[in-house]
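Before any comments, here is the structure.
The chains referred to below are lettered A, B, ... by the order of the sequence lines, with proteins before strands, and numbering in each begins at 1. The figures that follow rest on heavy atoms only: side chains count, while hydrogens, waters and symmetry mates do not.
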Number of protein chains: 2
Amino acid sequence: MSNAGEGGNGGVQSVDRALTILEVLARVGEAGVTDIAAELGVHKSTAFRLVTTLESHRLVEQTADRGKYRLGVGVLRLAGATTARLDLVQEARPVCRQLAAGTGETVNLAVLSESSALYLDQVAGSSALQPHNWVGQHIPLHATSNGKVLLSGLDDAALDEVLGGLSRYTAMTITRKSQLREEIKLVREQGYAVAVDELEVGLTAVAAPIHNAHGDVIASMSVSGPTFRLPAERVEEVLPMLVEAAVEVSHRLGWGHR
Amino acid sequence: MSNAGEGGNGGVQSVDRALTILEVLARVGEAGVTDIAAELGVHKSTAFRLVTTLESHRLVEQTADRGKYRLGVGVLRLAGATTARLDLVQEARPVCRQLAAGTGETVNLAVLSESSALYLDQVAGSSALQPHNWVGQHIPLHATSNGKVLLSGLDDAALDEVLGGLSRYTAMTITRKSQLREEIKLVREQGYAVAVDELEVGLTAVAAPIHNAHGDVIASMSVSGPTFRLPAERVEEVLPMLVEAAVEVSHRLGWGHR
DNA sequence: GGAACAAGTTGCGGATGACGCAACAGGGTG
DNA sequence: CACCCTGTTGCGTCATCCGCAACTTGTTCC
């Protein structure tokens, strides 16, 4: 036993610790051996050896000799291989690109991951206003169009499990569970979701579901931009293009082929 | 004995093995426990436990219950955190974007990694012809403009170490070491590199170095496109824009601020 | 239909390999 | 110069991980 106890880790202790180091670095950006050791609750030397092993695979690198550690390029190599293999990203990319060109706005692709939305890919619109790159970021589910679409793919039991406290971000954020359930029901019926100023004032986004061969909602595709460029009438124009694009990707993934 | 021997691994055996699994999966895309065990030269159960630990951190996922394993979304999460922290990508992105808009061709950002060029970022040009996404890929150093620029930042000793056999890709590929040294010398003098049909017939690229605060060449920025769109006279037009962009990024990274 | 096979998964005991300790090596700062 | 803070390394012990072998489950082939 011994290691079987603590919250949700796997089998091999040292590997688990090493991977936790990666997560810590992802969270804090940079950390020294001592900080890491404290975070893991192990001895400095232990942390050092783990970090060294990670370093030999280029997953972390030290900023200077005897310096702190941060995530390394090896992570990017792996990520390149991951997206190359994830048929979702593979199939969706050309469609996203075309949609971005057609609308002039930014297109994002997101999946459900650990009670939040994980952005897998992003294609910038033609506009000069370049938004933050969200790829790899966790985003709240209840305050984004992508999040609402992803939630709409869950059944009620799963919904309960995923929804914790609904944080307020703006005056428009939906914070009552009952209201959110209504909204999700609406999303299911319409086949798309809209979020205006709910995560950030001045940010508007619309999203539509992507289905796999079994019909499950496996991802969400969104078009987003500043609210002044996406007023209600513009949203009306964008929606059909978005929904069509999402359907196209779903088809490529085998949806509707019986 | 045992672990100290084999090529270039770090200290902690089980972690080293686990990370090797990630690399194997990056290479082959999908693999079962048995395949992985064979690749590492360990017992099935060992491989299984390592994979399970990786899975608990979402770095790998199984395609189906009792199915094969592949890289998971956790890798993308880490990658998101990595690029967010790598000030190179951060600083270079807007410049790349502007350069892509100005030239209409694809802009890439590459660094040296383990005897090859690693592409960190890519901004597509306006043209419909969308090239392959190279992000996260390894590219030979001697047959690309980016590679030549990166080589130009090394001293002779490091050059010797990095250069193995010079594979031929096309009739234009430089395969003699002496010729490559001449070329690299030229790149140093000119401050940029050109590669026409050297990696692939019909592919032209030009690249310029990005320096850090110490003046080292830490990355390379390139403009590339089909040779028919980038004949010699067009390359002449593009070059100043490229060099200026590379200098701009270098400045942002502290180069030339004393 | 069931037998043989091959995949992933799990319990167990033994020895190997990872851990904590403590000492070392540099760099700042007072 | 002494102190304190880093990251780094040798060593002995004991916990941990590994290999074995048995189990489970799904597929193939009579």
Side-chain angles (χ1 to χ4, degrees), chain A residues 1-22 24-25 28-72 214, chain B residues 1-22 24-25 28-72 214:
Chain A
M1 53 238 52
S2 54
N3 70 340
E6 37 262 79
N9 51 10
V12 182
Q13 189 191 56
S14 53
V15 174
D16 184 62
R17 287 172 170 172
L19 302 183
T20 303
I21 290 177
L22 292 179
V24 167
L25 288 178
V28 305
E30 268 187 12
V33 167
T34 310
D35 311 325
I36 295 172
E39 189 89 25
L40 296 191
V42 300
H43 196 267
K44 266 199 315 184
S45 62
T46 303
F48 172 71
R49 270 176 260 261
L50 293 172
V51 166
T52 301
T53 309
L54 290 168
E55 189 186 13
S56 78
H57 286 255
R58 309 278 181 157
L59 292 181
V60 306
E61 56 195 28
Q62 44 191 349
T63 60
D65 222 57
R66 313 224 140 202
K68 296 182 171 252
Y69 289 87
R70 64 162 78 154
L71 293 175
H214 306 292
Chain B
M1 68 232 63
S2 54
N3 71 337
E6 38 260 74
N9 50 14
V12 182
Q13 189 191 53
S14 53
V15 174
D16 185 63
R17 286 172 170 171
L19 301 183
T20 303
I21 290 177
L22 292 179
V24 168
L25 288 178
V28 305
E30 265 187 15
V33 167
T34 312
D35 311 324
I36 293 172
E39 188 90 24
L40 297 190
V42 299
H43 196 266
K44 267 200 313 184
S45 61
T46 302
F48 172 72
R49 270 177 261 260
L50 293 172
V51 165
T52 301
T53 308
L54 290 168
E55 190 187 13
S56 77
H57 287 255
R58 309 277 182 160
L59 293 181
V60 308
E61 56 195 28
Q62 42 190 351
T63 60
D65 222 56
R66 310 229 139 200
K68 295 182 173 253
Y69 289 87
R70 64 162 75 155
L71 292 176
H214 306 292

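- For K68(B), the salt bridge (charged side-chain N to carboxylate O under 4.0 Å, His left out) partners at least two apart in sequence or on another chain are D35(B).
- Scanning for side chain to side chain donor-acceptor pair (under 3.5 Å) contacts around E55(A) gives Q62(A), with sequence neighbours left out.
- Among T53(B), L54(B), D16(B), the one residue that satisfies the side-chain contact (heavy atoms from CB on, under 4.5 Å) test with I21(B) is L54(B).
- Comparing L50(B) and V33(A) along DNA chain D, the residue whose closest nucleotide (by nearest heavy atom) sits nearer the 5' end is V33(A).
- By the side chain to side chain donor-acceptor pair (under 3.5 Å) test, T20(B) is found to be paired with no residue, residues two or more places apart in sequence or in another chain being considered.
- Between the C1' atom of dA22(D) and the CZ atom of F48(B) lies a distance of 15 Å, rounded to the nearest Å.
- For R49(B) against dG11(C), a side-chain-to-base donor-acceptor contact under 3.5 Å is present.
- If you take NZ of K68(A) and P of dC5(D), they are 14 Å apart, rounded to a whole angstrom.
- For the OP1/OP2 pair of dC17(D) and a distance below 4.0 Å, the side-chain nitrogens and oxygens of Q13(A) include at least one atom meeting the criterion.
- At dA7(C), none of the side-chain N or O atoms of Y69(B) fall inside 4.0 Å of OP1 or OP2 (strictly under the cut-off).
- Scored by the side chain to side chain contact (heavy atoms under 4.5 Å, CB included) test, R17(A) finds Q13(A), L40(A), V42(A), T46(A), L50(A) as partners (sequence neighbours excluded).
- For the salt bridge (charged side-chain N to carboxylate O under 4.0 Å, His left out) condition, no pair includes a residue of residues 42-53 of chain A, sequence neighbours left out.
- No side-chain heavy atom of V60(B) sits less than 4.5 Å from a side-chain heavy atom of R70(B).
- Interface residues of residues 34-47 of chain B facing DNA chain D, ordered by number: V42(B), H43(B), S45(B), T46(B); criterion, heavy-atom separation under 4.0 Å.
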Kindly indicate, with the supporting measurements, whether the criterion side-chain contact (heavy atoms from CB on, under 4.5 Å) is fulfilled by E30(A) and L25(A). CA-CA 6 Å; E30(A) 268 187 12; L25(A) 288 178; 5.9 Å; no
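- Each end of the helix from dG1(C)-dC30(D) to dG30(C)-dC1(D) gets its own axis from five base pairs, and the two axes differ in direction by 40°, given to 10 degrees.
- Atoms CD (E55(A)) and P (dG7(D)) sit 13 Å apart, rounded to a whole Å.
- Scanning for side chain to side chain donor-acceptor pair (under 3.5 Å) contacts around T34(A) gives an empty result, with sequence neighbours left out.
- Along DNA chain D, the nucleotide closest to G32(A) and the one closest to R17(A) are compared, and the more 5′ of them pairs with G32(A).
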